[in-house]
Peer 1: 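To start, I am sharing the structure in question, which I have written as structure tokens.
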Amino acid sequence: MALPYNKRTHDCGALRAADIGKSVLLSGWVDNFRDLGGMVFIDLRDRGGITQLKFDPNSDPAAHGIARTLRSEFVVCVRGEVISRGEKVNAKLPTGEIEVVVHEIELLSKSETPPFEISDDTETNEDLRLKHRVLDIRRPRMKNALMLRHKITRTIREYFDRNGFLDIETPILTKSTPEGARDYLVPSRIHHGCFFALPQSPQIFKQLLMIGGLDRYMQVARCFRDEDLRADRQPEFTQIDIEMAFVQAEDVMHHVETCIAEVAKVSRGLDVALPLPRISYAEAMLKYGKDAPDLRYDLTIKDVTEIAGRVDFGIFKDAIAKGGVVRCLVVPNGSEMTRKETDGLAEELKGIGAGGLPLVKVAVEGGKVVFQTGIAKFFTDAALVAEICTQIGAKSGDLILFAADHSDSVCKYLGWLRATVADRRGLIPKDRWAFCWVVDFPAFGYDAETKAVFPMHHPFTSPKDEDLHLLKLGTNEVPPKEDLLKVRAKAYDVVLNGIELGGGSIRIHRADVQSKIFQLLGLTPEDAKKKFAFLLDALRFGAPPHGGLALGLDRIIMLFGGYSSIREVIAFPKNARASCPLSDAPGEVAPEQLKELGISILK
RNA sequence: GGGGCUGUAGCUCAAUUGGUCAGAGCGCCGGCCUGUCACGCCGGAGGUUGCGGGUUCGAGCCCCGUCAGCCUCGCCA
């Protein structure tokens with residue numbers, strides 16, 4: 001009865017009415033079985049889909065006898081004939097017009113009862129799914145995610161291949177660079193006390209490839225960062241890493257957006273209008289409170305610092321006195337939100353650092369616009385109320401949410417409120433795909449704690465030409481902090497629906513600019529040499545102007561696949577505590593291994 | 001490190017104010033059933049309510065601690 005399971009004629013999603021009459025050999029898993037006492041029906045599943053098998057006790061008693069003993073997830077191989085279902089079509093299945101009447105069956109493998117059903121219908125606890133990822137991957141949803149991943153990755157590879165990019169691998173065992181995220185370290189057996197670092201990104205290597213004259217590079221690159229996780233952050237993730245020589249920002253952006261549009265078409269049938277809209281970092285922060293604005297809905301933040309200064313309300317006055325700002329969000333018809341809802345928002349807002357949530361409801365009394373509830377009592381001047389409403393476009397029935405603090409905090413609070421309120425009040429059109437580029441990032445940020453200037457992107461990011469004068473090139477002077485914070489970078493992020501898909505920059509290729517930047521960042525030439533020696537060496541030998549970008553592949557697949565977490569599009573992801581429930585990694589190692597590496601563990 | 005949510009049968013969940021509240025659906029096991037496709041019908045097994053302590057006459061429910069999972073702030077080239 002042994003069947004040649006290696007000679008499958010079709011997969012389980014392939015057969016159609018046109019195949020009626022064919023003799024076929026199928027293999028797969030028992031998805032569902034219906035034993036009617038005489039006739040037995042089995043849904044056979046493999047990667048391609050599901051085909052109904054029919055076992056008839058009269059014509060094929062031996063096969064029927066075996067079929068009766070089958071259970072969920074048993075693995076079988078069958079040989080049979082494709083027949084029409086006649087009137088009994090199952091419209092839910094692509095193969096619903098046919099079934100296979102089985103003449104021979106071989107049980108290849110039994111299965112224990114699975115800990116959860118292999119089905120999309122019930123949402124199983126994710127921890128359990130990750131422990132039994134093998135079974136989880138059999139579910140259509142997961143299977144589709146990984147098939148989508150393949151399709152998108154292939155589309156991207158083909159795009160860049162077609163456009164002259166070379167796919168080049170870079171080292172996984174590399175050297176720790178001091179900037180940025182925590183490194184995952186790998187101890188060296190041969191050099192005790194020394195460590196490799198897994199790359200946070202192939203940043204420096206791709207620059208070296210450009211300086212090496214390879215002109216255009218791309219890689220599907222695994223990146224590693226030992227930081228806390230999120231729904232869209234894993235300790236190891238995949239970037240589409242690209243770099244180009246002799247280009248301006250627009251050239252990089254053109255290729256990236258064209259590629260993304262192709263992915264959108266292939267994965268969702270979307271026609272994305274190009275070029276994508278550009279929005280400055282300053283505008284994004286002001287209007288949306290985020291450097292990755294969600295442009296699917298309007299609901300923009302309004303600055304009311306000037307007018308709020310005329311209100312006798314301590315929170316506003318204090319914030320302004322300290323150089324802060326007052327901004328607000330007008331929630332259309334937000335007056336219908338209950339006290340419980342707004343109190344809830346306030347509580348959650350406190351959880352991210354805010355002192356509270358000043359708010360008012362807009363109403364009309366006696367023909368005049370008035371504020372009610374919340375901090376309404378501080379708005380005693382009817383003319384002022386009218387002026388505010390005109391300025392921010394608030395009308396009766398709206399809810400106004402305020403934030404007063406330093407600009408950074410206000411952006412954080414109102415950005416969070418904007419996204420949260422939009423989501424809870426159903427203001428986000430689910431079928432909209434809002435792409436944009438965020439450009440004109442500041443080159444530097446300022447850390448109040450360390451009182452130090454730091455690079456917003458990385459220290460090799462080129463400032464915009466028109467802002468170069470602020471750097472006092474060719475002198476030893478350090479420009480005032482205020483000037484440095486005005487310098488904009490040739491950096492750009494591509495954003496979809498409020499999630500950063502990727503970012504990049506044009507790199508510095510002028511030695512004088514690079515050394516000035518290091519100086520401004522507080523790095524002596526010796527420091528810089530120590531930290532970035534191999535890049536600086538390379539820059540000495542003729543570096544072409546170059547730049548690139550890295551796209552978060554996992555996020556792209558998550559968004560185009562409609563998943564809520566990148567764990568859903570990664571075959572074997574880590575959980576929120578950065579461990580793998582399947583393999584139980586990370587794990588302890590034998591003392592001998594440690595000894596060989598010259599490592600002892602602190603207790 | 002901070003904030004929040006969750007933890008009850010193999011899975012998904014329910015259990016009014018602390019008082020027959022140890023329950024349902026699915027799954028599983030056994031039986032019946034020849035056109036099902038979430039097959040149907042009959043019967044059955046299965047739970048230390050994450051764990052530890054406390055309050056109480058009485059705790060799934062309240063309190064404290066702890067563990068685990070998820071979300072989030074910080075952090076994240």
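Just so it is clear: chains get the letters A, B, ... in the order the sequence lines come, proteins before strands, and each one is counted from 1.
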Peer 1: Strictly by side chain to side chain donor-acceptor pair (under 3.5 Å), give each pair with a member in residues 54-65 of chain A just once, sequence neighbours left out.
Peer 2: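 Non-adjacent pairs meeting side chain to side chain donor-acceptor pair (under 3.5 Å): A:D60-A:H103.
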
Peer 1: How close or far is atom P of B:C76 from atom CG of A:D493, stated in whole angstroms?
Peer 2: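 From A:D493 CG to B:C76 P: 15 Å.
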
Peer 1: Are A:F532 and A:F518 near enough that their ring centres are under 6.0 Å apart?
Peer 2: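 Under 6.0 Å, so yes.
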
Peer 1: Mind checking side-chain hydrogen bond (donor to acceptor under 3.5 Å, both in side chains) for A:R182 and listing every partner two or more places apart, or none if nothing turns up?
Peer 2: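 Listed in chain order: A:E227.
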
Peer 1: Generate the contact string for nucleotides 4-15 of chain B. Rules: B means base contact, S means sugar-phosphate contact only, - means no protein heavy atom under 4.0 Å.
Peer 2: ------SSS---

Peer 1: Could you tell me whether A:R567 contacts a base, only the sugar-phosphate backbone, or nothing, with contacts defined as non-hydrogen atoms closer than 4.0 Å?
Peer 2: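 If one applies the 4.0 Å heavy-atom cut-off, A:R567 turns out to touch the sugar-phosphate alone, with no base involved.
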
Peer 1: Between A:K88 and B:U36, is there a side-chain N or O to OP1/OP2 distance below 4.0 Å?
Peer 2: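 Answer is yes, contact under 4.0 Å.
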
Peer 1: Counting the atoms with a prime plus P, OP1 and OP2 as sugar-phosphate, which does A:D121 contact under 4.0 Å by heavy atoms, base, sugar-phosphate, or nothing?
Peer 2: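 Here A:D121 touches no strand at all.
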
Peer 1: Given that both distances must come in under 3.5 Å, which nucleotide forms a Watson-Crick or G-U wobble pair with B:U20?
Peer 2: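 Across all strands, not a single nucleotide pairs with B:U20.
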
Peer 1: B:G53 and B:G1: how far apart are their P atoms, nearest whole angstrom?
Peer 2: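 My reading of the P atoms in B:G53 and B:G1 gives 26 Å.
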
Peer 1: Looking at A:V439, is its backbone amide N or carbonyl O close enough to the side chain of A:K490 to form a donor-acceptor pair, meaning the two atoms are under 3.5 Å apart?
Peer 2: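 Pair absent, no side-chain N/O of A:K490 close to backbone of A:V439.
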
Peer 1: Could you work out, with side-chain hydrogen bond (donor to acceptor under 3.5 Å, both in side chains) as the rule, every residue matching A:D554, not counting sequence neighbours?
Peer 2: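 side-chain hydrogen bond (donor to acceptor under 3.5 Å, both in side chains) check on A:D554 returns A:R149.
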
Peer 1: Identify whether any heavy atom of A:R85 sits under 4.0 Å from a base atom; if not, whether one sits that close to sugar-phosphate; answer base, sugar-phosphate or nothing.
Peer 2: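 Touches a base.
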
Peer 1: Report which part of the nucleic acid A:K350 touches: base, sugar-phosphate, or nothing (heavy-atom distance under 4.0 Å, all strands).
Peer 2: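 If one applies the 4.0 Å heavy-atom cut-off, A:K350 turns out to touch nothing in the nucleic acid.
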
Peer 1: Over how many whole Å does the gap from A:L44 atom CG to B:U36 atom P extend?
Peer 2: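 Between P of B:U36 and CG of A:L44: 21 Å.
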
Peer 1: For A:R216, enumerate each residue passing the salt bridge (charged side-chain N to carboxylate O under 4.0 Å, His left out) test, keeping only those at least two apart in sequence or located in another chain.
Peer 2: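 Expected list: none.
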
Peer 1: Checking all strands, does A:S201 fall into the base, sugar-phosphate, or nothing category for heavy-atom contacts under 4.0 angstrom?
Peer 2: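 Touches a base.
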
Peer 1: Under 4.0 Å, counting only non-hydrogen atoms across every strand here, what does A:Q52 touch: a base, just sugar-phosphate, or nothing?
Peer 2: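 The residue A:Q52 makes base contact.
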
Peer 1: Find the partner of B:G27: check Watson-Crick (N1-N3 plus N6-O4 or O6-N4) and G-U wobble (N1-O2, O6-N3) distances, both under 3.5 Å, and reply none if neither fits.
Peer 2: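 Its partner is none (no Watson-Crick or G-U wobble pair with both distances under 3.5 Å).
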
Peer 1: When the P atoms of B:A15 and B:G60 are considered, how many whole Å apart are they?
Peer 2: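 That atom pair is separated by 15 Å.
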
Peer 1: Output yes when at least one side-chain N/O atom of A:R34 is less than 4.0 Å from OP1 or OP2 of B:C39, else no.
Peer 2: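 The answer is yes; a side-chain N or O of A:R34 sits under 4.0 Å from OP1 or OP2.
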
Peer 1: Is A:K54 near enough to B:U34 that one of its side-chain N or O atoms lies under 4.0 angstrom from OP1 or OP2?
Peer 2: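 The answer is no; no side-chain N or O of A:K54 sits under 4.0 Å from OP1 or OP2.
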
Peer 1: Please determine, for B:A38, whether a Watson-Crick or G-U wobble partner exists with both distances under 3.5 Å, and give it or none.
Peer 2: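 Check on B:A38: unpaired, no WC or wobble geometry under 3.5 Å.
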
Peer 1: A:K131 NZ to B:A68 P: how many Å, rounded?
Peer 2: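 It is 11 Å, rounded to the nearest whole Å.
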
Peer 1: Distance check needed: B:U34 P versus A:L53 CG, whole Å only.
Peer 2: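 Atom CG in A:L53 sits about 20 Å away from atom P in B:U34.
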
Peer 1: For B:G52 versus B:A68, give the span between their C1' atoms, rounded off to a whole number of Å.
Peer 2: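 Going atom to atom, C1' in each nucleotide, I get 15 Å.
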
Peer 1: Using heavy atoms and a sub-4.0 Å distance, could you list which residues of residues 218-235 of chain A are near RNA chain B? By number, please.
Peer 2: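 RNA chain B contact set from residues 218-235 of chain A: A:R225, A:E227, A:D228, A:R230, A:A231, A:R233.
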
Peer 1: Could you work out, with ring pair (Phe, Tyr, Trp, His ring centres under 6.0 Å) as the rule, every residue matching A:F441, not counting sequence neighbours?
Peer 2: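 With sequence neighbours excluded, A:F441 shows a ring pair (Phe, Tyr, Trp, His ring centres under 6.0 Å) to A:Y281, given in chain and number order.
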
Peer 1: Looking only at non-hydrogen atoms, find the nearest pair between A:L549 and A:E243 and report the distance.
Peer 2: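 Taking every non-hydrogen atom into account, N-OE1, 4.4 Å.
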
Peer 1: Which value, in whole Å, describes the distance between the P atoms of nucleotides B:U8 and B:C70?
Peer 2: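 It comes out at 15 Å once rounded to the nearest Å.
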
Peer 1: So, OP1 or OP2 of B:C28: does either fall under 4.0 Å of a side-chain N or O from A:R71?
Peer 2: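 So the side chain of A:R71 is outside the cut-off, no N or O lying under 4.0 Å from OP1 or OP2 of B:C28.
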
Peer 1: So which protein nitrogen or oxygen atoms get under 3.5 Å of nucleotides 41-46 of chain B's nitrogens or oxygens?
Peer 2:
none

Peer 1: Rounding to a whole Å, what distance do you find between A:I118:CD1 and B:G27:C1'?
Peer 2: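 In whole Å, B:G27 C1' and A:I118 CD1 are 12 Å from each other.
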
Peer 1: Tell me, please, which residues at least two apart from A:R71 pass salt bridge (charged side-chain N to carboxylate O under 4.0 Å, His left out).
Peer 2: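 For A:R71, no residue satisfies salt bridge (charged side-chain N to carboxylate O under 4.0 Å, His left out) once neighbours in sequence are set aside.
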
Peer 1: Can you tell me if A:R16 has over 12 outside heavy atoms packed within less than 6.0 Å of its CZ?
Peer 2: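 Yes, because the 6.0 Å sphere around CZ of A:R16 holds more than 12 heavy atoms from other groups.
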
Peer 1: When we call it a touch if two heavy atoms are under 4.0 Å apart, what does A:E87 touch: a base, just sugar-phosphate, or nothing?
Peer 2: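 No contact.
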
Peer 1: Any chance you could lay out the salt bridge (Lys or Arg N to Asp or Glu O under 4.0 Å) test for A:E126 and A:R129, step after step, and finish with the verdict?
Peer 2: CA-CA 5 Å; A:E126 191 180 11; A:R129 288 175 51 205; 5.2 Å; no

Peer 1: Nearest-Å distance, CZ (A:R182) to P (B:A77)?
Peer 2: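 Between P of B:A77 and CZ of A:R182: 11 Å.
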
Peer 1: Rounded to the Å, how far apart are A:W416 CH2 and B:G74 P?
Peer 2: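 Result: 13 Å.
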
Peer 1: Check this one for me: any side-chain N or O of A:N32 less than 4.0 Å away from OP1 or OP2 of B:C37?
Peer 2: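 False: A:N32 side-chain N/O out of range (4.0 Å or more) of B:C37 OP1/OP2.
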
Peer 1: Can you list the residues that meet the salt bridge (charged side-chain N to carboxylate O under 4.0 Å, His left out) rule with A:D31, with sequence neighbours excluded?
Peer 2: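 Salt bridge (charged side-chain N to carboxylate O under 4.0 Å, His left out) list for A:D31, sorted by chain: A:R45.
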
Peer 1: Using whole Å, report how far CE of A:M558 lies from P of B:C71.
Peer 2: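 One finds 11 Å between P of B:C71 and CE of A:M558, rounded.
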
Peer 1: Residues two or more places apart in sequence or in another chain: which of them pass ring pair (Phe, Tyr, Trp, His ring centres under 6.0 Å) with A:F165?
Peer 2: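 Testing A:F165 for ring pair (Phe, Tyr, Trp, His ring centres under 6.0 Å), a comparison that skips the adjacent residues, returns A:F160, A:H255.
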
Peer 1: With a 3.5 Å limit on both atom pairs, tell me what B:U66 is paired to, counting Watson-Crick and G-U wobble, or say none.
Peer 2: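 Matched B:U66 with B:G50 under the 3.5 Å cut-off.
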
Peer 1: Listed by chain and number, what are the salt bridge (charged side-chain N to carboxylate O under 4.0 Å, His left out) partners of A:R85, not counting sequence neighbours?
Peer 2: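 Checked A:R85 against salt bridge (charged side-chain N to carboxylate O under 4.0 Å, His left out); zero matches.
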
Peer 1: In whole Å, measure the gap between the C1' atoms of B:U72 and B:U55 for me.
Peer 2: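 Nearest-Å result for B:U72 against B:U55 at atom C1': 34 Å.
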
Peer 1: When rounded to the nearest Å, what value does the distance between P atoms of B:G74 and B:G18 take?
Peer 2: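 Each nucleotide's P atom is 39 Å from the other's.
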
